[in-house]
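Below is one structure, written out as structure tokens, with a few remarks after it.
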Amino acid sequence: MAIDAVEVMAAPPANTTRTVHLTVNGVPRASTVETRLLLVHYLREHLKLTGTHIGCDTSHCGACTVLVDGKTVKSCTMLTVMADGKSIQTVEGLEQGGKLHPVQEGFTKEHGLHCGFCTPGMMLAAVALLAKNPHPNEDEIRRGISGNLCRCTGYVNIVKAIQYAAEHGGAGAPKGGA
Amino acid sequence: MIPPSFEYYAPTSVQEAIGLLDQHQGEAKVLAGGMSLIALMKLRLSQPAALVDINRIPGLAYIKEDDQTLQIGATTRVNDLNDSDVIRMRYGVLADAAREIADPTVRNMGTVGGNLCHGDPGNDLPACMLALDGQYTAAGPKGTRTLAARSFYQDSFTTALAPNEVLTEVRVPRQGAGSGGAYSKMERKVGDFATAAVAVALVLGKDGTIQRAGIGLTNVGPTAIYARAASEFLSGKTGTDAELAKASELARDAASPIADNRGPVDFKKDMVRVWTRRTLRRALDRAKGVH
Amino acid sequence: MADATTVHGGIGQSIQRKEDARFIRGKGNYIDDVNLPGMLFLDIARSPYAHAKIKAIHKEKALATKGVLAVITGADLAAAKLAWMPTLMSDTQMVLPTDEVMFQGQEVAAVVGVDRYAAADGAAAIEVDYEPLPVVSDPFKALEPGAPVLRTDKGKKDNHIWHWEVGDKAATEQALKESAVVVKEKLYIPRIHVSSIETCGCVAQVDVMGKLTVWMTSQAPHAIRTVFALVSGLPEQQIRIISPDIGGGFGGKVPVYPGYVIAVVAALTTGKPVKWIEDRTENLTSDSFARDYHIEAEIGATKDGKVTALRVKTLADHGYTDAAANPSKFPAGLFHIITGSYPFRTAFVEVDAAYTNKPPGGIAYRCSFRVTEAVFAIERLIDNLAHQMKIDPAEFRLKNFIPPEAFPFQSALGWTYDSGNYAGALHKAMQIIDYPALRKEQAEKRARGELMGIGISSFTEIVGAGPSKTFDILGIKMFDSAEVRIHPTGKVLARFGTKSQGQGHETTYGQILAEELGIPVENINIEEGDTDTAPYGLGTYASRSTPTAGAAAAVAARKIREKGKLIAAHLLEVSPNDIEWKDYKYQVKGVPGKSKTMADVAFAAYTNHPAGMEAGLEAIDYYDPPNMTYPFGSYICAVDIDKETGQVKVRRFVAVDDCGNIINPMIVDGQIHGGLTMGFAPAMLEEIQYDADGNIRQNSFLEYLLPTAVETPKWETAKTVTPSPHHPLGAKGVGESATVGSPAAIVNAVVDALQPYGVTNIDIPLLPYKIWQAIHAKDAP
């Protein structure tokens, strides 16, 4: 079977690439990227931070959730260029100095994950929820994570994990830039 | 899942943004929250040649109230509405709707302006502005103009906003004492567009009768619908069960839903009736100070 | 220090999971995390038509797209005899079409690009000239004379795939005739899609030695390796399948999808690694679906309310080819468990399968090989029968259940249930939910015209495929395996033929070995998924891992203990007959102070073993289960219905499960929570529909509705424990029980609520409009 290979070498049209400066998990980054590059691909493929996952095409599942300036964002629906000048926190930034974040502890103590694929996004949603509402009741927790789909756990233990985190100091402000 | 290539601009003033839109002659789109636009581009259902990102323009995100009006800047995030005491205390229809738009994370990016002028009949804020008689400020090459929400929505994804205009602000009359509003969104799950949703804004006179009523409907027609007959019927009424039932029937008659996975036409129309009645009752209770 | 009578992490302990350590740090290794130097990307252009001739495929624009290196079509594959491949049911499936496309979303051409974005641009630039053909969308119409014939490539003259039947037709007919009451119902269980949050994908690489390695989202890597070898002609030892971390499987990651094969071809021909990751739309429109059973069922009963006979006729919509991954002797899976928890004297079940212009599949959604369909049908019919006879549905079940003393129980359709205590589970559920109080409340509400319902599902599951006598997939017997090796310092490495996709095997298998070997679980590493190192197994699906590989772990450990006994005797200078395994140690009988641990024995196995004995301390077991295991349970659901809107709210849901002896209670509860949610979702929200032109109506999460934490009820769980008499640990499988058992409880609750309207059935999903229609169909009382 012959492979037809035709490579087109042309300079990219103007304004289709841009240099961005952002901070990711406290580390300053400067990168030149295509303007259409989705933030999730920048994180996963340029920075090799593969903890943020992709689960759908329509911004529903939340597996791609990261914190941008402390707020949850679906990184699959944000252009990298929109994050210029901003501070991003991914799951890799939760553990600090070898110490797990209370949300991470809660998830493993309460069996809040099975396959682990939704877990990074779910934990960051929990971090943001607790930063705003340090002692949420169950209904507030369920609403707070309603932008994150899980297929494995049935959510019962995710709620428990977040309650654990709330009781163990999980409500510190998200470290969007530290 | 991957958008096609496009030129990207991040102007720092409304003038610059307008200039770019004008230059691209309808081939450029405004990028605000991106939750609708980038989603469409990923599916390659929208393929604009250029994006004009207005998130860098200072002074476009605010919630201000004076004696006459509530003013919301176009790049105000939906969650900013949820965080606002003013909205919570006096603009119940917006407070309710802001809690139900998409999901908590999408609301961090989605903007008021985007939700108002994207033109999807499933967007929630248009019906609220129809109920509140909102006025939109559009800035274009020839200056600014004011567009009434009640004549803004022409067809699905078609509004009175020109391709070289930017929506900068929405204003509604200040809702003072004796006013009350509510929004009910019947949805199959969090994050869905409404099966049917109803926005109500009421102003009571000192004698407790309804001075002014506005009813807006979401996702039961090609655009958000101002239920004019139902709204006008309530003027001067006290809000008895029979009057609310009649208004609900008039609202139902104003709806023209399509059959889809959410249900058949007769069902959706009946939902307009049921939820109009329930939302009117809630708005009335709020207007009277009953919670 | 663990006390002498427990081992840390043994059976029955709810220890934290080992695998969590990488997942909570975002350090899982899923397919899309695999990155190799020089890796290329594959994207696939797909058909917008459900049925069409391909007149021409135009590659020029794609090839001219920046970053695109190659375009692969069916013609290219046909030259290598790879355009078609066998399915796991011995049908045939297109990898890429040469003549016709058979479903909307079918792969038509593949593009290889230097990166993900280039490949996507290339796929978007493929242009195809189609000539639309008549679409066969309705399986009933598919079987009518004169319907367009879909599989002319197989020389077929109609769209009938197979007919399968079991039971006694004449005796059942007679028994129904003689029954005082017969209840009949038509139930449609619509097509659904398992939608794991991770979609399917692979990375294929051929190395300089000609060895093919494929990282793949596969629940059954060894079976895939063998299939690849047979299909491609590559020698099997030159193929390595690696299933790394998998983000949910549930059956959807068992089949061989065309994308895998095309990626392998692209890797072979470019000489570079090739990655293929499907997006969600591709996943929903072309991956293996589940259900799509049109069932007609009848039950007879005596005038005292004792069930007599069961007759079932089903039409199965299989899409354009039979690619369900059933055991080969059971094209309708284990559907004939449909006699359920009841001692029907006679039964007859027949299933016919039809081809339609839809994607292939049938069992990819936590169903234990069609047991979801079977349990749904029987539990719905039992409720309808109880209502018809004006007997309380709980009382009806208790009156009819197979009693505990009847086990092992031979069902009318040939299954030998190992153990069960159905009344025990139902009584417990009734007590937890306070069933009498709910019925009292319902009566009061009904008098006021308010709608409240209570639904029960008392299911019998059948898992652990399966005994070699009756079970095979493409001829390969369905044993499973454990290879256990103890190192000199008393630490354990064990590998299995199964493959977890979130079930926690790294923890639970470790717990079995900890219990059997007396070694703390933190000293035991579990590995799965690399076919070069793991012993051959049939993988993880249909809740089979604990029944098969879990058993193999226990048996292998016991083989090790036997050898260890000889070493211990040698160390303690006694006869092996004087040694007993007690309190996790080798003890000299009657001499408490004289003992050796497994760690002592392990060290000696390499340094000081008896003369004439082989060194080392390891064992492998390929476990052929003597029977299936039959977990069971009773679920009770209470719902409130908004009469005006038709919205259903699950107020309470109590799930009592019995999966025999439990290895890790926390993990089992987690499986129940997740399983219940995957029963709730199809009952209330999920559905894949096609219009008459074969256009799919739910191709994204905008329309295919997965429940969030807000819609999902707050599950309440409890257990009874009835061990399996034949399993080495007395354990049964459990992963799918809750998905199998829960839909009927929910639907029964809604139908129960609507009794005043004379409703006997509403097909799932129970969206509000359907309840509204049922209420408005009759005048409200």
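Chain naming here is simple, since letters A, B, ... match the order of the sequence lines and numbering starts at 1 in each.
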To check you understand the geometry: which heavy-atom pair defines the closest contact between [X] and [Y], and what is its length?
X: B:K189; Y: C:L706; result: NZ-O, 2.7 Å
X: C:Y769; Y: B:R262; result: CD2-O, 3.5 Å
X: C:A124; Y: B:R44; result: CB-NH1, 3.5 Å

Any Lys/Arg nitrogen of B:R277 or C:E644 sitting under 4.0 Å from an Asp/Glu carboxylate oxygen of the other? yes

Answer with side chain, backbone, both or neither: which region of [X] has an atom nearer than 4.5 Å to a non-hydrogen atom of chain C?
X: B:N261; value: both
X: B:V274; value: side chain
X: B:M1; value: both
X: B:D103; value: neither

Which residues pass the side chain to side chain donor-acceptor pair (under 3.5 Å) test with C:N761, sequence neighbours left out? C:R380, C:D763

For [X], which atoms come within 4.5 Å of any heavy atom of chain B: side chain, backbone, both, or neither?
X: C:L702; value: both
X: C:E711; value: side chain
X: C:D121; value: both

Looking at B:A196, B:P3, B:P264, B:P4, which has the largest count of heavy-atom pairs under 4.5 Å with chain C? B:P264

Most heavy-atom pairs under 4.5 Å with chain C, out of B:K268, B:R278, B:R273, belong to B:R278

Heavy-atom count around [X] [atom1] within 6.0 Å, excluding the residue itself: above 12?
X: B:K246; atom1: NZ; value: no
X: B:K288; atom1: NZ; value: yes
X: B:K29; atom1: NZ; value: no
X: B:R281; atom1: CZ; value: yes

Mind ranking C:L767, C:V710, C:T645 by heavy-atom pairs under 4.5 Å with chain B and telling me who comes out on top? C:T645

With a 4.5 Å heavy-atom cut-off (strictly below), which parts of residues 688-701 of chain C touch chain B? List them by number. C:Q689, C:R697, C:Q698

Residues in residues 190-199 of chain C that sit under 4.5 Å from chain B, counting heavy atoms only: none

Side chains of C:H776 and B:F267: does their closest heavy-atom pair fall under 4.5 Å? no

With rounding to the nearest 0.5 angstrom, report the CZ to CD distance, B:F193 to C:E703. 9.5 Å

Who are the ring-ring contact (aromatic ring centres under 6.0 Å, His included) partners of B:Y153, not counting sequence neighbours? none

